[in-house]
Amino acid sequence: MPGAEVVTSPKEIRSLSRSSLKGFWVQVLICYFIFFAITQYIPGFIGRLLPKLSYVYEFEYMGVKQALQISFVPYIVMAFLNGPFRYGIAKLHLRQIRERGPVAVEETFSGFKQFGKNFGAYIRIWITILIAGLPFAALATLIMFLLSKVGGSFLQALGALLYILAGMASIIAMIYFAVLLSMTFYILVENRDIKIIDAAKISAELMKKNVGRFIILRISFLGWIFIAALLSNSLLSLLFTVLPNTGPVAYLANVITNVPILLATIYMDRGQAFFYEFVTGHLRKSVPQPVNTTAWT
């Protein structure tokens, strides 16, 4: 099922996203906060209490030795729970776009009714993305190894250039496949009995002619992400003038000041949901089409 070429501009999609969220920002924010609290915030805090499940990266900055503790706990939890939550988030956005109604918090957890399937979809997507970049990553590793064995400034410069190109090719390949599979959960929402592999294939067919357009749409949100990150960091710095910058209180301050980033994420995800509506033909530029929603209720 080839997708329609999306001719709606990123500016128009952003405008539609803002309009559809008007009056519902707080409701959607609560859903996202629950999602991030369960998959990132709480596991991150637990990870700090379990140093044996963390990797400590030591480095020197401006002559001062620094240590960065990276916990594996959030990544383990995300691997298991992100799939079901991503299904719930996709369903939340589609339902509100189509029905213009309030958001039900329980919608966030709707993906757990088919936990195995949504978990499998998330893992399959990431395995596909990683495999896509693997050949170029392996080539970059081989070039790095050969660079350590050869001498001469010309060969060193040539090898460094090839290493950079191989690394860039790996990133581009991963981005390309991430875009192709970006609509998988929306398809699973609308077709509860579909197999994961079939949902992934349909997503790839829908996005094949729209990869560039989707990337441009995502890039158009970068300004908002930057502003949100800047605001979050400013609020955190302000709080740290009166609060300790270590311990549970500091971690809670990090969570609270992350709200602007959550809002920017909601905005971007709503834009992706609208892109799905356009690429499937459920919406056409300036002409909304009636849609049968019984398949995903």
Side-chain angles (χ1 to χ4, degrees), residues 13-44 74 77-122 125 181-194 196 199 202-203 221 224 228 252 255-256 258-283 288-297:
I13 291 177
R14 292 199 309 273
S15 178
L16 286 168
S17 300
R18 290 193 302 272
S19 297
S20 68
L21 284 165
K22 189 175 181 180
F24 301 107
W25 280 101
V26 174
Q27 294 178 21
V28 181
L29 177 62
I30 291 170
C31 295
Y32 268 70
F33 191 85
I34 292 170
F35 166 32
F36 277 79
I38 294 174
T39 59
Q40 294 185 36
Y41 302 151
I42 295 173
V77 173
M78 285 169 63
F80 279 95
L81 301 184
N82 258 23
F85 272 117
R86 277 293 161 197
Y87 177 98
I89 291 297
K91 186 175 181 181
L92 178 156
H93 284 295
L94 286 184
R95 185 186 291 279
Q96 199 180 34
I97 286 172
R98 296 172 180 181
E99 297 182 2
R100 315 287 185 185
V103 176
V105 174
E106 57 268 23
E107 197 99 277
T108 317
F109 298 94
S110 59
F112 286 87
K113 294 176 182 177
Q114 291 185 303
F115 175 86
K117 186 175 185 178
N118 293 314
F119 164 73
Y122 182 77
I125 287 170
L181 299 174
S182 61
M183 301 301 162
T184 301
F185 281 107
Y186 297 101
I187 294 161
L188 288 172
V189 166
E190 295 205 279
N191 305 272
R192 284 181 296 182
D193 297 325
I194 196 172
I196 296 171
I202 292 172
S203 177
F221 286 98
W224 292 102
L252 182 60
V255 171
I256 293 171
N258 203 48
V259 167
I261 294 176
L262 286 184
L263 291 171
T265 303
I266 291 168
Y267 185 25
M268 188 163 60
D269 285 353
R270 181 57 60 94
Q272 179 172 336
F274 266 108
F275 196 93
Y276 172 78
E277 294 290 75
F278 281 112
V279 81
T280 53
H282 292 154
L283 287 177
Q289 300 295 313
V291 178
N292 178 14
T293 60
T294 56
W296 48 275
T297 53

How close do [X] and [Y] get, counting heavy atoms only, and between which atoms?
| X | Y | result |
| --- | --- | --- |
| Tyr186 | Ala273 | OH-N, 3.6 Å |
| Arg270 | Ser20 | NH1-OG, 2.8 Å |
| Pro84 | Phe115 | CG-CD1, 3.4 Å |
| Cys31 | Ala104 | SG-O, 4.3 Å |
| Thr39 | Met78 | O-CG, 3.2 Å |
| Trp25 | Leu263 | CZ3-O, 3.6 Å |

**Asked** Under 4.0 Å between a Lys/Arg side-chain N and an Asp/Glu carboxylate O for Asp193 and Lys117?
**Response**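 The answer is no: the pair does not qualify as a salt bridge.
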So do the side chains of [X] and [Y] get within less than 4.5 Å of each other, counting heavy atoms only?
| X | Y | value |
| --- | --- | --- |
| Phe185 | Ile125 | yes |
| Gln96 | Glu107 | no |
| Arg14 | Phe274 | no |
| Leu94 | Glu190 | yes |
| Arg18 | Ser15 | yes |

**Message:** Check whether Ser203 reaches the backbone of Ala199 with its side chain - one donor and one acceptor, N or O, closer than 3.5 Å.
**Reply:** no
**Request:** Can you label the angle between the Tyr32 ring and the His93 ring as parallel, tilted or perpendicular, going by 30° and 60°?
**Result:**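 Correct class here is perpendicular.
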**Request:** Could you label the plane-to-plane angle of the Phe33 and Tyr41 rings as parallel, tilted or perpendicular, counting under 30° as parallel and over 60° as perpendicular?
**Result:**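 Judged by the thresholds at 30° and 60°, the geometry between Phe33 and Tyr41 is tilted.
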**Message:** Let's go through Thr280 and Met183 carefully: what are the C-alpha distance in whole Å and the side-chain angles of both, what is the deciding distance for side-chain contact (heavy atoms from CB on, under 4.5 Å) to 0.1 Å, and is it a yes or a no?
**Reply:** CA-CA 10 Å; Thr280 53; Met183 301 301 162; over 6 Å; no
Reported [atom1]-to-[atom2] distance for the pair [X] and [Y], which is rounded to 0.5 angstrom:
| X | Y | atom1 | atom2 | result |
| --- | --- | --- | --- | --- |
| Gln114 | Arg192 | CD | CZ | 7.5 Å |
| Ile266 | Ser17 | CD1 | OG | 12.0 Å |
| Ile194 | Ile202 | CD1 | CD1 | 3.5 Å |
| Ile196 | Leu188 | CD1 | CG | 7.0 Å |
| Gln272 | Ile89 | CD | CD1 | 11.5 Å |
| Leu29 | Leu262 | CG | CG | 6.0 Å |

**Message:** Pair Arg86, Phe35 - check side-chain contact (heavy atoms from CB on, under 4.5 Å), show working.
**Reply:** CA-CA 9 Å; Arg86 277 293 161 197; Phe35 166 32; 3.8 Å; yes
**Asked** Could you walk me through whether Phe85 and Asn118 pass the side-chain contact (heavy atoms from CB on, under 4.5 Å) check?
**Response** CA-CA 9 Å; Phe85 272 117; Asn118 293 314; over 6 Å; no
**Item:** Audit row: Ile34, Phe109, side-chain contact (heavy atoms from CB on, under 4.5 Å) steps and yes/no
**Value:** CA-CA 10 Å; Ile34 292 170; Phe109 298 94; 3.5 Å; yes
**Prompt:** Going through the checks in order, is the side-chain hydrogen bond (donor to acceptor under 3.5 Å, both in side chains) test met by Tyr122 and Asn82?
**Reply:** CA-CA 7 Å; Tyr122 182 77; Asn82 258 23; 3.2 Å; yes
**Phe80 atom CZ, neighbour heavy-atom count above 12 within 6.0 Å** =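 Atom CZ in Phe80 is not crowded, with 12 or fewer foreign heavy atoms closer than 6.0 Å.
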